[in-house]
Every structure is written in C-alpha cells, then in structure tokens.
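Here the structure is laid out as structure tokens; the discussion comes afterwards.
Residue numbers count from 1 along this sequence. The basis for the numbers below is simple: all heavy atoms, side chains too, and nothing from hydrogens, waters or symmetry mates.
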Amino acid sequence: DIAKNFFSIQDLIEISKHRIGKGSIGGKAAGMLLARQILQNAEDDEIRSSASAKESFYIGSEELYSFLSINDKLDLVDMHYGREEDFWTRYDEIRENIKTMTFPKEIVESVERVVLEFQGKPFIVRPSSLLEDGFNYSLSGLYDSRIIANQGSVAEAVEALLDAVKDIYCGVFDPRVLTYRLRNGLIDYPESMAI
C-alpha cells in the first residue's frame, strides 16, 4: 500500500527491466527501492540529492522453483514440513545436491548480460526473501550474502555469480531458517526466495 503512493507505472516498468526470470523481487529489494523512491520524492534538495541509484538486478522469486524443477528436486519444497531433527540431518546432502544442479539457459544468458554490463565491477549477491516483508518476524541474519570480485574472465564471473545464487538457494533449506520458521508459525508460508 505504501509503494502505491510513491511508484508510477513507469517506475515499475523500469524495475521490471532489471528482473531476471519470473516472479516478484524480494522483500529486501522492494524495501531498498521504496526507501530510495521516498527520498527522491522528498521536498528537501539535499535529501533528494543524497538518494543515488545503485545498479541492481533481481532474480525473480519463482526461479527457485524453476531451478528445483528442471533438476528434478521439486520435492525439496515440502521439506519444511519435516521434523526439526531432519532439517539438521539432511542439510549437508541437500546442499551438495543443489551445488551440482544446473540453471536454465535463459538464466545463464541473463546473468552473463549482467556481468558484461557491470564491466569488472564487483557484485553483492543478496538473498531477498518474501518472508522478510513481514513486520512481525525477522529472517534477517539467517541468509548469507556473497561478494563477487568480478576480476577474472566473463565466464569466471558468471560461474561465481551462479554459485552464489546456489548458496542462497541452499539457505532456504538451512536448518536455522527452517527451525525459525517452524517455531514462529511460518512453516505453512512458501519461502519464495528472490535474489
């Protein structure tokens, strides 16, 4: 509701040009965009000028499910209904599986375009969970971000970036995250992880 007061349709079109794949952008990304938009609409010139835009791209929240589906691991989506001890015993195996999975060609090509656009500048790859939108619970600190130096070849940067995305997807199944969700009544909500 707050965003409706600050974003125009043109703003949303510009944001969507930076989205890779399907789904919405996550809570952290949405919050950062909203905060910048509020500052850019401020009456005070000094406040407006301090709200500089950072180049950002977003992997949509539905891409986690596409990634699991094409790798025949969609059954992991229901893992959060398991027992707490299972979260801990299965995590290493799940992590190893995710790290060997492949991305759809369209995602790889989109990531390569982003790497080329950044021209050797470093990346911060951040999880942006839709559950982070909630005001009553805090999932911050449970998901890890990655910094990519982006100093090698384009192929190396693409590989590092996709590996960072896999790490964030692993975080969805992290026992700390699942336990927090279980203990706070969030287990029935799907974790739609955008990046």
Side-chain angles (χ1 to χ4, degrees), residues 3 15-16 18-35 54 56-82 84 86-88 90-111 114 123-148 158-195:
I15 291 168
S16 72
H18 289 246
R19 188 184 66 215
I20 296 169
K22 294 184 170 83
S24 60
I25 64 174
K28 193 177 296 168
M32 290 172 52
L33 288 166
L34 178 59
K54 301 294 180 212
S56 296
F57 290 85
Y58 318 97
I59 296 178
S61 59
E62 290 181 25
E63 290 308 316
L64 168 62
Y65 301 111
S66 297
F67 175 73
L68 294 173
S69 180
I70 68 161
N71 287 284
D72 199 29
K73 291 292 180 184
L74 206 50
D75 61 307
L76 291 178
V77 172
D78 292 329
M79 188 196 153
H80 61 279
Y81 287 117
E84 197 171 317
D86 294 336
F87 301 159
W88 295 94
R90 291 198 56 209
Y91 182 62
D92 288 338
E93 171 199 342
I94 290 168
R95 185 170 173 71
E96 285 176 30
N97 281 330
I98 289 174
K99 295 296 273 184
T100 63
M101 293 181 192
T102 57
F103 286 93
K105 179 182 175 189
E106 303 81 34
I107 298 298
V108 175
E109 289 172 350
S110 294
V111 166
V114 170
F123 299 98
I124 299 174
V125 184
R126 301 185 70 187
S128 197
S129 157
L130 293 184
L131 287 178
E132 289 176 315
D133 280 339
F135 291 107
N136 297 327
Y137 303 99
S138 173
L139 282 99
S140 62
L142 293 177
Y143 298 112
D144 296 327
S145 296
R146 291 266 307 274
I147 297 174
I148 309 296
V158 168
E159 183 179 340
L161 188 50
L162 292 174
D163 188 59
V165 171
K166 288 179 184 179
D167 281 343
I168 289 169
Y169 285 168
C170 289
V172 171
F173 306 100
D174 186 310
R176 297 172 305 139
V177 171
L178 294 175
T179 300
Y180 180 89
R181 290 178 58 201
L182 181 66
R183 291 179 182 176
N184 287 285
L186 299 172
I187 215 67
D188 289 327
Y189 296 93
E191 177 56 297
S192 299
M193 180 62 75
I195 298 179

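For Ser192 against Ser61, the heavy-atom pair with the smallest separation is CB-CB, 3.8 Å. When all heavy atoms are compared, the tightest approach of Val77 to Leu68 is CG2-CD1, 3.9 Å. When all heavy atoms are compared, the tightest approach of Asn97 to Lys73 is ND2-NZ, 3.9 Å. Minimum interatomic distance between Ser145 and Arg126 (heavy atoms only, all atoms of both residues): OG-CG, 3.6 Å. Residue Pro127 comes nearest to Asp144 through the heavy atom pair CD-O, 3.4 Å, listed as atom of the first residue, atom of the second, then distance. Across all non-hydrogen atoms, the minimal contact from Leu178 to His80 is CD2-CB, 3.6 Å.
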Practice problem: Give the C-alpha distance, both sets of side-chain angles, the deciding distance and a yes or no for ring pair (Phe, Tyr, Trp, His ring centres under 6.0 Å) between Phe173 and Tyr91. | Solution: CA-CA 7 Å; Phe173 306 100; Tyr91 182 62; 8.3 Å; no
Quiz item: Can Tyr143 and Ser129 be said to form a side chain to side chain contact (heavy atoms under 4.5 Å, CB included), step by step?
Solution: CA-CA 9 Å; Tyr143 298 112; Ser129 157; 3.9 Å; yes
Quiz item: Would Phe67 and Glu62 satisfy side chain to side chain contact (heavy atoms under 4.5 Å, CB included), going step by step from the backbone distance to the final call?
Solution: CA-CA 9 Å; Phe67 175 73; Glu62 290 181 25; over 6 Å; no
Quiz item: Hey, mind stepping through Tyr169 and Met101 against side chain to side chain contact (heavy atoms under 4.5 Å, CB included) and telling me if it holds?
Solution: CA-CA 11 Å; Tyr169 285 168; Met101 293 181 192; over 6 Å; no
Self-check item: Steps toward side chain to side chain contact (heavy atoms under 4.5 Å, CB included) verdict (Leu162, Val108)
Solution: CA-CA 8 Å; Leu162 292 174; Val108 175; 3.9 Å; yes
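Counting heavy atoms from C-beta outward, Asp174 and Leu142 have side chains that stay 4.5 Å or more apart. Counting heavy atoms from C-beta on, the side chains of Phe87 and Met79 come closer than 4.5 Å. Under the 4.5 Å side-chain criterion, counting only non-hydrogen atoms from C-beta, Asp167 is in contact with Lys99. Taking the side chain as every heavy atom from C-beta outward, Phe103 and Val111 never approach each other to under 4.5 Å.
Residue Arg146 holds its CZ atom at 11.0 Å from NZ of Lys166, rounded to the nearest 0.5 Å. Rounded to the nearest 0.5 angstrom, Thr179 OG1 and Asn184 CG are separated by 10.5 Å. A distance of 10.0 Å separates CD1 of Ile15 from OG of Ser56, quoted to the nearest 0.5 Å. Distance NE2/His18 to CD1/Ile25: 11.0 Å, rounded to 0.5 Å. Met32 CE to Ser128 OG: the interatomic distance, rounded to the nearest 0.5 Å, is 8.5 Å.
Of the candidates Ile59, Leu64, Ile20, Ile195 forms a side-chain contact (heavy atoms from CB on, under 4.5 Å) with just one, namely Ile59.
Surrounding OH of Tyr189 are at most 12 heavy atoms belonging to other residues, nucleotides or ligands under 6.0 Å away. Around the CD1 atom of Ile70, the shell of radius 6.0 Å holds more than 12 heavy atoms that belong to other residues, nucleotides or ligands. The environment of CG in Asp78 is crowded: more than 12 heavy-atom neighbours from other residues, nucleotides or ligands sit within 6.0 Å.
The closest donor-acceptor contact from the side chain of Arg19 to the backbone of Gly21 lies under 3.5 Å.
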